[in-house]
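Taking it in order: structure first as C-alpha cells, then the write-up.
Any value given below was found using the heavy atoms of this structure, including those in side chains, with hydrogens, waters and symmetry copies removed. Whatever order the structure lists them in is the order used to number ligands and atoms, beginning at 1.
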Amino acid sequence: MKKRILVTGGTGFIGSHTSVELIESGYDVVIVDNLSNSKADVIYGIEKITGIRPAFEQVDCTDLPALENVLRKYQPIEGIIHFAASKAVGESVKEPLKYYRNNTVSTINLLELMPQFGIKGFIFSSSCTVYGQPNTENLPVRETSPRQDAESPYGNTKKIDEDIITDFCKSGAPIQAILLRYFNPIGAHPTAIIGELPNGVPANLIPYLTQTAIGIRECLSVFGDDYNTPDGSCIRDYIYIVDLAKAHVAAMERILNGKSDKQVDIFNIGTGTGVSVLELIHTFEKCTGVKLNYKIVGRRAGDIEQVWGNVDKANKILGWHATHTLEDALSSAWKWQQKLRADGVM
Ligand code: UFG
C-alpha cells in the first residue's frame with residue numbers, strides 16, 4: 001500500500017511542486033488548503049503532470065475540529081509536510097496578529113493531533129530568515145549558525161514555530177521532525193502547468209521581474225546598489241523550486257525509513273552559492289534573450305544585505321543536491337509567465 005502524506009498548503013507555490021514530487025515518488029497525497037492565497041485548479045495541474053489527482057480538502061489548519069475530521073477520514077497518514085502559512089513580510093508588519101495566529105495555531109493543531117492518529121513524521125517549512133543578517137565571517141550560514149532577532153512578525157513566526165516543534169519533540173512526543181530552512185525558492189515546474197501565482201503587485205523579485213519582462217509592469221526597481229557587496233546589490237541563494245520540492249521527499253523518507261537519529265533535525269536547503277540582484281537580472285537577459293527594463297532605486301526597509309547557505313549537511317545526510325542551474329530556474333519562470341499570458345490569466 002502506498003504511504004500517505006498530508007500536505008498542508010498543498011495548492012500553494014512550494015506545496016504544489018512538493019505534491020508533484022511526492023506523487024512521482026510513489027506516495028499517496030492528501031492536500032489541505034484554505035485557498036486564501038491559491039486556487040483549487042492547482043489540483044488539476046498536479047493531476048495533469050502526474051496522472052493522479054491528489055485528495056483535496058478545503059480546510060483551514062487553525063480549525064482544530066475540521067483538521068481532526070480530515071485526519072480521521074484519511075487515516076492512516078504516515079507524515080505531514082506543513083506549508084500552510086501566511087507569508088507576506090510587509091503585511092505581517094501591518095497585521096501581526098493574523099500572522100501569529102495563522103502560523104502558530106496551525107502548527108500547534110497539527111502537532112497536537114499527530115500522536116492521536118499515529119502520525120510519525122513532520123516536515124516544517126522554515127526559512128533562512130531565522131539567521132537574520134549573519135556576520136560576513138559566518139557566510140555561508142550553517143545550521144549551527146546563530147539565529148537572530150527576526151526582522152518582521154512573519155520571520156518571528158518561523159522562529160517560534162521552530163521552537164514549538166523542538167519543544168514538543170523534546171517532551172517525548174512520539175514523532176520525529178525535520179525543519180527545512182529554505183533560501184529563496186524560484187522558478188516553476190518544467191511543464192509550466194504549475195508555478196508561482198502572486199496576488200496583486202508582486203513583492204518578490206522573480207514574479208516582479210517576469211511581469212516586467214512581459215509588459216505587465218513598466219520597470220523593475222532594484223532596491224539598492226550601495227550595499228557592501230561586489231556590485232553593490234543584495235545577495236541571495238536562489239534555489240529552483242523543483243529541487244526544493246525534492247528535498248521534502250528526501251527529508252520525509254529519512255524519517256519514514258527510520259534513518260533519522262534525531263527527534264528534531266535541521267537542514268539548510270539552498271544551492272550554496274550567493275547571487276546578486278544585478279547578476280540575476282543579467283543571467284535572465286542572457287538565458288531568455290529578453291531585455292529587461294530596470295532601474296536602481298533606494299534600499300528596501302528590512303532587507304538583508306547578503307545571505308547564502310552552506311548546504312553540506314543536506315548533501316551528505318539527506319543525499320540531496322540542487323541539480324538545476326540559475327539559468328534553468330529563470331528559464332522556467334519565464335516559460336511560466338508566458339503560459340499565464342497565453343492562458344489569459346495575466
Ligand atoms: N528585490 C528587488 N526588487 C524587487 C523585489 C526584490 O531589487 O522588486 C530584491 C530584494 O531587495 C532582495 C532580492 O531582490 O535583495 C530578493 O527579494 P525577495 O523579496 O524576492 O526575497 P527576500 O530575500 O526579501 O525574502 C524571501 C521571502 C521571505 C523570506 C526570505 C528569507 O520572500 O518570505 O526570503 O527566507 F523570509
Check your understanding: Using 4.0 Å as the upper bound for N to carboxylate O, is an ion pair formed by Glu143 and Arg181?
Key -> no
Practice item. Assess whether side-chain contact (heavy atoms from CB on, under 4.5 Å) is satisfied between Ile216 and Met346, documenting all intermediate values. Key: CA-CA 8 Å; Ile216 297 169; Met346 56 171 62; 4.0 Å; yes
Point to revise | Geometric class of the His248/Tyr182 ring pair [parallel <30°, tilted 30-60°, perpendicular >60°] | key: perpendicular
Exercise for review: Output yes when Lys291 and Glu285 qualify as a salt bridge under the 4.0 Å nitrogen-oxygen rule, no when they do not.
Suggested key: yes
**Study point:** Neighbour count above 12 (heavy atom, 6.0 Å) for Asp149 CG
**Key:** no
Can you give me a line-by-line list of nitrogen or oxygen pairs between ligand 1 and the protein shorter than 3.5 Å?
from: ligand 1; atom 1: 3 (N); to: Ser221; atom 2: O; distance (Å): 2.7
from: ligand 1; atom 1: 7 (O); to: Ser221; atom 2: O; distance (Å): 3.3
from: ligand 1; atom 1: 7 (O); to: Phe223; atom 2: N; distance (Å): 3.0
from: ligand 1; atom 1: 11 (O); to: Asp303; atom 2: OD2; distance (Å): 2.5
from: ligand 1; atom 1: 17 (O); to: Arg300; atom 2: NH2; distance (Å): 3.4
from: ligand 1; atom 1: 19 (O); to: Asn204; atom 2: ND2; distance (Å): 3.0
from: ligand 1; atom 1: 19 (O); to: Arg300; atom 2: NH1; distance (Å): 3.4
from: ligand 1; atom 1: 19 (O); to: Arg300; atom 2: NH2; distance (Å): 2.9
from: ligand 1; atom 1: 20 (O); to: Asn204; atom 2: ND2; distance (Å): 3.3
from: ligand 1; atom 1: 20 (O); to: Leu205; atom 2: N; distance (Å): 2.9
from: ligand 1; atom 1: 21 (O); to: Asn184; atom 2: ND2; distance (Å): 3.2
from: ligand 1; atom 1: 23 (O); to: Asn184; atom 2: ND2; distance (Å): 2.9
from: ligand 1; atom 1: 23 (O); to: Arg236; atom 2: NE; distance (Å): 2.6
from: ligand 1; atom 1: 24 (O); to: Arg300; atom 2: NH2; distance (Å): 2.9
from: ligand 1; atom 1: 32 (O); to: Asn204; atom 2: ND2; distance (Å): 2.7
from: ligand 1; atom 1: 35 (O); to: Ser127; atom 2: OG; distance (Å): 2.5

Exercise for review: Tell me, please, whether Tyr227 has Arg299 positioned over its six-membered ring: NZ or CZ under 6.0 Å from the ring centre and within 45 degrees of its axis?
Suggested key: yes
